[in-house]
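Note that these values count all heavy atoms, side chains included, but never hydrogens, waters or copies made by symmetry. Read the numbers this way: they start at 1 and go in the same order the structure lists the ligands and their atoms.
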Amino acid sequence: MTAQTRPDLASIPAYVPGRDRPGAVKLASNETTFGPLPAATKAITEAVELASRYPDNQSTQLRTALAKFLDVEVAHVAVGCGSVALCQELVQITCAAPTDEVLFAWRSFEAYPIVTQVGNATAVRVPLNSEFAHDFDAMAAAVTENTKLIFVCNPNNPTGTAVGEDELTRFLDAVPAHVLVVLDEAYYEYTRFPKENHPDGVELGRSRPNVVVLRTFSKAYGLAGLRVGYAVGDPEVITALMKVHIAFSVSRVAQAAAIASLEARHELLDRTDALVAERDRVRDALLAVGYQVPPSEANFVWLPLGERNTEFADASAEAGVLVRPYGVDGVRVTAGDPHENDLFLKFATSEETVARFVG
Ligand SMILES: *Cc1c(COP(=O)(O)O)cnc(C)c1O
């Protein structure tokens, strides 16, 4: 007889990883195409030598480096096994009863409903507006006395839309101070707002103890395979996060690579300019042949093709490019290297594809 597990797990949506297929170009997981910098590889190699030893469970050196970089005290920084782990830990530190609510836009990051249900709380999804962006009025109106946590994904995965500081500030002002608001800034490094409206959660959080910011080394910093992200927020929130942290879940290799990458950030961040140019080039080319493509501030674009999403993704895979369909909502296409993007555009803008999917 199979041992009993929680019956409610049956209804948890299984995490669907980005597709993979040998030989195909993969534009399905928002990864960086570059390998780690030589300095990171060196730090990784050195850290591996100590693989028989447990890592520093507090990630003290990495947290200290992050605190310096962000101009905050170390007590304001927590590290997690990817920011996905921090998402789950944030539910764990805020929700204690099944009636406790976690509020987020939908569609947004696929991990939010999963970590909410794993944490035995109730997910409240607020539909995106007609521009595929957060509907902050509706989200503020959806806050109840049971709301414990709000995820705001800015820029939003998978639609790419982002809001500036002004809109974000208005929303934060509308949320009761006892509700924790998570600003998930996994794609922060790809945003290009005018300086005066730049949405920087760390800055917004300085005067707001109920704001916590998530960033990651997985995207612009190119360390998706090593699993390290971080949270910046009020020391009480950070202390709570460290209590529920799975012990030693951020490896020594991950910590060392993150420190080296942070030190070499100028080199990494310079690359984001080229990526942003590619993203815009892909979007412009798609718009030119008639696709609807919301403006993106991330390293991907969104094609809302409704009922045809899966068909489009399958046809793209046939053409050698893996992209990611999301139910009937849309298809997410990561901006990759120029030659990869060219291959995707060759497929997407061909007469045949346009005739099939546009209009
Ligand atoms: C990719 C992504 C993350 C980062 O996940 P890691 O666990 O740090 O790899 C977090 N939030 C969103 C919205 C993402 O798209």
Side-chain angles (χ1 to χ4, degrees), residues 15-18 26-33 36 59 62 66 77-92 102-116 118 123 125 128 132-134 149-163 168 181-191 199 201 212-233 241 245-246 249-251 253-255 257-258 261-262 268 272 275 279 296-302 323-324 326 329-336:
Y15 184 83
V16 185
K26 189 182 175 201
L27 300 179
S29 294
N30 296 347
E31 296 150 331
T32 298
T33 53
S59 298
L62 173 56
L66 284 166
V77 184
V79 166
C81 179
S83 49
V84 162
L86 289 160
C87 288
Q88 185 154 328
E89 290 159 13
L90 283 158
V91 174
Q92 288 178 305
V102 179
L103 183 72
F104 47 86
W106 199 249
R107 253 194 206 262
S108 190
F109 188 34
E110 282 189 282
Y112 302 154
I114 299 171
V115 298
T116 300
V118 168
R125 297 171 175 82
L128 297 171
F132 309 98
H134 280 78
L149 186 66
I150 302 175
F151 283 111
V152 175
C153 191
N154 194 44
N156 188 47
N157 177 7
T159 60
T161 52
V163 292
L168 211 45
V181 182
V182 182
L183 303 178
D184 185 343
E185 298 185 338
Y187 302 96
Y188 177 77
E189 293 83 2
Y190 300 107
T191 58
V212 60
V213 179
L214 294 183
R215 292 192 191 158
T216 179
F217 284 95
S218 294
K219 305 288 157 57
Y221 283 85
L223 297 178
L226 290 184
R227 315 306 306 129
V228 52
Y230 58 96
V232 187
L241 279 175
H245 173 74
I246 294 185
S249 57
V250 183
S251 74
V253 171
Q255 293 178 36
S261 301
L262 196 61
L268 293 166
T272 61
L275 194 286
R279 169 195 81 199
S296 171
E297 291 288 337
N299 66 343
F300 52 84
V301 295
W302 179 244
V323 297
R324 182 118 177 230
Y326 288 83
D329 290 337
V331 180
R332 191 190 67 194
V333 183
T334 306

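Counting heavy atoms under 4.0 Å from ligand 1, residue Val84 touches it through both backbone and side chain. Residue Ser83 touches ligand 1 through backbone and side chain together, judged by heavy-atom distances below 4.0 Å. Contacts with ligand 1 closer than 4.0 Å are made by no heavy atom of Phe217, backbone or side chain.
Not one N or O of Tyr112 is nearer than 3.5 Å to an N or O of ligand 1, by distance alone.
Paired with Arg279 under the rule side chain to side chain contact (heavy atoms under 4.5 Å, CB included), one option of Thr272, Asn299, Val301 passes, and it is Val301. For the pairing with Ile150, the side chain to side chain contact (heavy atoms under 4.5 Å, CB included) check across Leu183, Val182, Leu103 returns one residue only, Leu103.
Remark: ligand 1 atoms within the under-4.0 Å shell around heavy atoms of Cys153 are 13 (C). Counting the atoms of ligand 1 from 1 in the order shown, those under 4.0 Å from a heavy atom of Tyr187 are 1 (C), 14 (C), 15 (O). Close contacts between ligand 1 and Ala186 involve ligand atoms 2 (C), 3 (C), 10 (C), 11 (N), 12 (C), 14 (C) [criterion: under 4.0 Å to a heavy atom]. Each of the atoms 6 (P), 8 (O), 9 (O) of ligand 1 lies under 4.0 Å from some heavy atom of Ser218. Near Asn157, meaning under 4.0 Å from one of its heavy atoms, ligand 1 places the atoms 13 (C), 14 (C), 15 (O).
For atom 7 (O) of ligand 1, the nearest non-hydrogen atom of the protein is Arg227 NH2, 2.6 Å. Regarding atom 11 (N) of ligand 1, its nearest protein heavy-atom neighbour is Asp184 OD2, 2.8 Å. Counting protein heavy atoms only, atom 3 (C) of ligand 1 is closest to Lys219 NZ, 3.4 Å.
Note that OG1 of Thr161 and CG of Leu128 are 6.5 Å apart. Values are rounded to the nearest 0.5 Å.
Taking the six-membered ring where the residue is Trp, the centroids of Phe300 and Tyr187 are separated by under 6.0 Å. In this structure, the ring of Trp302 has its center less than 6.0 angstrom from the ring center of Tyr326.
Ser108 and Asn156 share a side-chain donor-acceptor pair at under 3.5 Å. Side chain to side chain, Arg332 and Asn157 meet the donor-acceptor criterion of an N or O pair below 3.5 Å.
For the pair Tyr230 and Thr216, the tightest heavy-atom approach, listed with the atom from each and the gap, is CE2-N, 4.4 Å.
Not a single heavy atom of Asn30 lies less than 4.0 angstrom from ligand 1.
Leu223 has its side chain within reach of Ser261: a pair of non-hydrogen atoms, C-beta onward, lies under 4.5 Å apart.
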